[in-house]
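Shown next, in structure tokens, is the structure this report addresses.
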There are 2 protein chains.
Amino acid sequence: MTRIDDVARLAGVSTATVSRALRGLPTVSAATRRRVLAAAEQLQYAVSPSASRLAGGRTGTVAVVVPRITRWFFGTVVEAVEEFLHHAGYDLLLYNLGGREQVRQRVLRTANLHKRVDAIMLVATPLRPADLTALAELDLPGITISSGSTVPGWPCVRIDDVAAARTATRHLLDLGHRRIAHISGDPDDELAFTTHTDRRRGYQEALRRAGLRPDPRLDMESQFTIDGGNQATVELLARGEPPTAIFAACDEIAMGAMTALRDAGLRVPQDVSVIGVDDHDLSAVLGLTTIAQPAAEQGRLAARMLLDPLGAAAAELGGVVAEPDADRVPAPRATRVHGPTPRPPVILPTRLVVRESTGPPRAN
Amino acid sequence: MTRIDDVARLAGVSTATVSRALRGLPTVSAATRRRVLAAAEQLQYAVSPSASRLAGGRTGTVAVVVPRITRWFFGTVVEAVEEFLHHAGYDLLLYNLGGREQVRQRVLRTANLHKRVDAIMLVATPLRPADLTALAELDLPGITISSGSTVPGWPCVRIDDVAAARTATRHLLDLGHRRIAHISGDPDDELAFTTHTDRRRGYQEALRRAGLRPDPRLDMESQFTIDGGNQATVELLARGEPPTAIFAACDEIAMGAMTALRDAGLRVPQDVSVIGVDDHDLSAVLGLTTIAQPAAEQGRLAARMLLDPLGAAAAELGGVVAEPDADRVPAPRATRVHGPTPRPPVILPTRLVVRESTGPPRAN
DNA sequence: CTGAAAGCGCTTACAG
DNA sequence: CTGAAAGCGCTTACAG
């Protein structure tokens, strides 16, 4: 393969100049730059990432950690993040935890990531104290998406899960429902994954504000999956006297619930109303009423917030983050990834999308 | 950060010996290895990937290219591939084309991948002649999944799309259907993405074998998405005299079709039967009859086939592919990634899963 | 604006 | 089984 010396020789300059010209540094004359670019083009030169990283100290790579890429929210986030990162000239190293506890530990605790990436994005990744220690030792810039994980000093992009849950529950209350079930995650989960506890809290708050007392017999635990929602609903129905409405903590749970209801001979929404959270691709198709959350936008925004400080840092050194053929990273912002000031999370809006799965309860 | 010299000093050996001991090379005495491992442990040493790659010439990284990570098949494949790769000590660089033509070109045509990865996995990635040339110049080992993309000299893992489609169509024929519609990809697609053409062929073959002539007015084009299936079905119904059954080229199309039918006041399967291909997570829940294909298994198998030759090559050099803490790559196989012998694709089995979305046509 | 030279942190023949 | 030394291909002060 052609190396930087080949380009230097052909262009009649030093390798240092080739390096500068190719990275778009300002300290190269236009004429020289032109000759270098032509030579690189002619030789089909591409920089060796390993060498560049070793010499430059930056990897141009971001680790993105998700619980399960196959779930709608995570797939959608990763798609948006991938686009942003590659556009900015960064590589995306994917870590899919796949529900395997030991994998989370290996990803977060080994020094694996240390010299491998410039920054870390954690999407709804449950974190234990030991994980936080490991991340602190890693001393890399990072960001989290979703309230599932909070790392001291890292910014966070998410929705207001409590408010979203309140809105969903209030929608059912407004329709006249009083026996409203909830299906969400396991509250005894030892991991600090707060999404489901937040949504459960919003549900209970809305009930209380309406003068109702949450009924533990209507509060079900489930995985955040279609199958989990299905099972939880079967169990719920087995308890006798079904609710007139179900607030599912995510659309996948809601879909499972709809199926279980149908299998039990109950119609949605005539017999039981169902509402979820997400606005999954399928939700429109299934007529599922939901609290829509901007998954792709959370991914894009988090990616931008993560790269901005990197870009700023590179600029200070007279450098540029982007690869030669990639667009520039958006203008640096005031955000600092490290530092003592804990920043408040960036909260993106959700909105109620009413479809066919919710309606007034039957007049008994 | 601690470097290899720190470990060498603490263990009282040379950096060369540290390097060998840490990678599990056989040419290190047990006692020395123990001391080195203890020193590395004590210092929390982790090798610098950039330095290791530059010196060693291997990146320990695989590029995985998918059209859209958000679609069931691709998410499921990536999840399985990710697990296998990380288990074997490899990093996964994710490229999501996202339906953007220029992205495909940039990913495949630039020398971007050349010094960045050891191997490439292309999942149902449409390839033009120019792309094939670029891949050939890259001269990296690779593998493809799905018939969508075929690269000369690369192995391929897939299902038999023609047979799967025949089975699906025959299922409908066996139930007594005669007016069977098909919804699949755009046949004029200039990209060599053959999945939908293969499935269309199977559909037509099954009809002909039953003595029926394929009716172009029952043959619809669609994106491989829920929304695409929905739109195509709306259009199909607008043509008047609906079919008694629909064979959708994938489950996502089938789901869109079911919705459109429901919206049109038609019942599934009483008025119209629907069958898909995939066995999407949601299919069981929706009661969708389908031709199940092993997505995760295709990913795992392809990952293994891709790494085996790399492992073999490393072994020849007295090396080992896996990282110190990772498991060994499965035993090398006879497969050679380069070489003139075109290997036949590895075909994984599919199977008909009958659920509630198919039944006999109404007696008119 | 440009170049010579050191250095990034490893791995690999080579020699013993 | 082990070490000294070269070299992987860049980037970065430093000097001019």
Side-chain angles (χ1 to χ4, degrees), chain A residues 1-9 11-36 39-40 43 45-60 111 114-116 118 313-321 323-324, chain B residues 1-9 11-36 39-40 43 45-60 111 114-116 118 313-321 323-324:
Chain A
M1 283 311 291
T2 72
R3 294 165 317 171
I4 198 171
D5 347 2
D6 301 321
V7 179
R9 210 171 306 118
V13 295
S14 70
T15 60
T17 297
V18 173
S19 174
R20 294 185 189 110
L22 255 29
R23 280 177 300 144
L25 298 200
T27 60
V28 178
S29 77
T32 304
R33 186 188 308 280
R34 228 175 298 117
R35 260 186 304 141
V36 170
L43 297 175
Y45 172 72
V47 69
S48 157
S50 317
S52 171
R53 289 166 188 184
L54 179 59
R58 297 187 313 106
T59 65
H114 192 276
K115 300 164 182 166
R116 205 172 292 269
D118 294 335
E316 280 163 20
L317 299 171
V320 164
V321 166
E323 303 269 340
Chain B
M1 283 311 290
T2 72
R3 295 166 316 171
I4 198 170
D5 348 1
D6 301 320
V7 179
R9 210 171 306 118
V13 296
S14 70
T15 60
T17 297
V18 173
S19 175
R20 294 185 189 111
L22 254 29
R23 280 177 299 143
L25 298 201
T27 61
V28 178
S29 76
T32 304
R33 185 187 310 276
R34 227 175 299 118
R35 260 187 303 142
V36 170
L43 297 175
Y45 172 71
V47 70
S48 156
S50 318
S52 172
R53 289 167 188 184
L54 179 58
R58 298 189 310 107
T59 65
H114 192 275
K115 300 162 181 165
R116 205 172 291 269
D118 294 335
E316 280 163 20
L317 299 171
V320 165
V321 166
E323 304 268 340

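Every chain is numbered from 1, with letters handed out A, B, ... down the list of sequences.
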* Which part of the nucleic acid does B/Ser52 contact within heavy-atom distance under 4.0 Å: base, sugar-phosphate only, or nothing? -> sugar-phosphate
* Structure fact -> In whole angstroms, the gap separating P of D/dC10 from CZ of A/Arg58 amounts to 15 Å
* Measure the OG-CZ distance between A/Ser14 and A/Arg20 for me, rounded to the nearest 0.5 Å. => 6.0 Å
* Heavy atoms only: give me the nearest B/Val18-B/Val7 pair and the separation to one decimal. => CG1-CG1, 3.8 Å
* Structure fact -> DNA chain C nearest-nucleotide lookup for B/Arg3 and B/Ala16: closer to the 5′ end is B/Arg3
* Pair of N/O donor and acceptor under 3.5 Å linking C/dG9 base with B/Arg53 side chain -> no
* Asked: For atom C1', what is the distance between C/dT12 and C/dG16, given to the nearest Å?
  -> 16 Å
* Asked: Expressed in angstrom and rounded to an integer, what is the separation of B/Arg33 atom CZ from D/dT2 atom P?
  -> 9 Å
* To do: Verify, without hydrogens or angle tests, whether A/Arg116 (side chain) and A/Thr59 (backbone) share a donor-acceptor contact under 3.5 angstrom.
  => no
* Can you tell me the distance, in whole Å, between the CZ atom of B/Arg9 and the C1' atom of D/dG3? => 16 Å
* To do: Once you apply the 3.5 Å cut-off to both distances, tell me the Watson-Crick or G-U wobble partner of D/dA13, or none.
  => none
* Between C/dC10 and C/dC14, how far is it from one P atom to the other, in whole Å? -> 24 Å
* Does B/Val47 reach the side chain of B/Leu22, with side-chain heavy atoms less than 4.5 Å apart? -> no
* Structure fact -> Separation between CZ (B/Arg58) and OG (B/Ser52), nearest 0.5 Å, reads 7.5 Å
* To do: Return the value, rounded to whole Å, for the distance between atom CD1 of B/Ile4 and atom C1' of D/dA4.
  => 14 Å
* Structure fact -> Closest to the side chain of A/Val28, out of D/dT2, C/dT2, C/dC10, is C/dT2
* Asked: Mapping B/Arg35 and B/Gly56 to their closest nucleotides on DNA chain D, which lands nearer the 5' end?
  -> B/Arg35
* Asked: C/dG9 P sits how many Å from B/Arg23 CZ, rounded?
  -> 18 Å
* Asked: In whole angstroms, how far is the C1' atom of D/dT12 from the CZ atom of A/Arg20?
  -> 8 Å
* **Sub-4.5 Å side-chain heavy-atom contact between A/Arg3 and A/Asp6** => yes
* Could you tell me whether the phosphate oxygens of D/dT11, OP1 or OP2, come under 4.0 Å of any side-chain nitrogen or oxygen in A/Ser19? => yes
* To do: Output yes when at least one side-chain N/O atom of A/Thr17 is less than 4.0 Å from OP1 or OP2 of C/dT2, else no.
  => no
* Whom does C/dA4 pair with, Watson-Crick or G-U wobble, provided both distances fall under 3.5 Å? -> none
* With sugar-phosphate meaning primed atoms plus P, OP1 and OP2, does B/Thr27 contact a base, only sugar-phosphate, or nothing at under 4.0 Å between heavy atoms? -> base
* Asked: Between D/dG7, D/dC1, D/dT11, which nucleotide has the shortest distance from any of its atoms to the side chain of B/Thr32?
  -> D/dC1
* Asked: Taking only N and O in the side chain of A/Ser29, is any of them less than 4.0 Å away from OP1 or OP2 of C/dT2?
  -> yes
* If only side-chain N and O atoms of A/Lys115 are considered, is one of them under 4.0 Å from the OP1 or OP2 phosphate oxygen of C/dC10? -> yes
* **Nearest-nucleotide comparison on DNA chain D, the residue closer to the 5′ end among A/Val18 and B/Ala30** => B/Ala30
* To do: Could you state the atom-to-atom distance from CG of B/Leu22 to P of C/dT11 in whole Å?
  => 8 Å
* Asked: Once you round it to whole Å, what is the distance between C1' of D/dG7 and CG of B/Leu54?
  -> 9 Å
* Expected output: side-chain A/Lys115 to main-chain B/Ala46 donor-acceptor under 3.5 Å -> yes
* Same-atom distance (P) from C/dT2 to C/dA6, integer angstrom -> 23 Å
* A/Ser48 side-chain N/O to D/dG9 phosphate OP1/OP2 under 4.0 Å -> no
* Checking all strands, does B/Ser50 fall into the base, sugar-phosphate, or nothing category for heavy-atom contacts under 4.0 angstrom? -> nothing
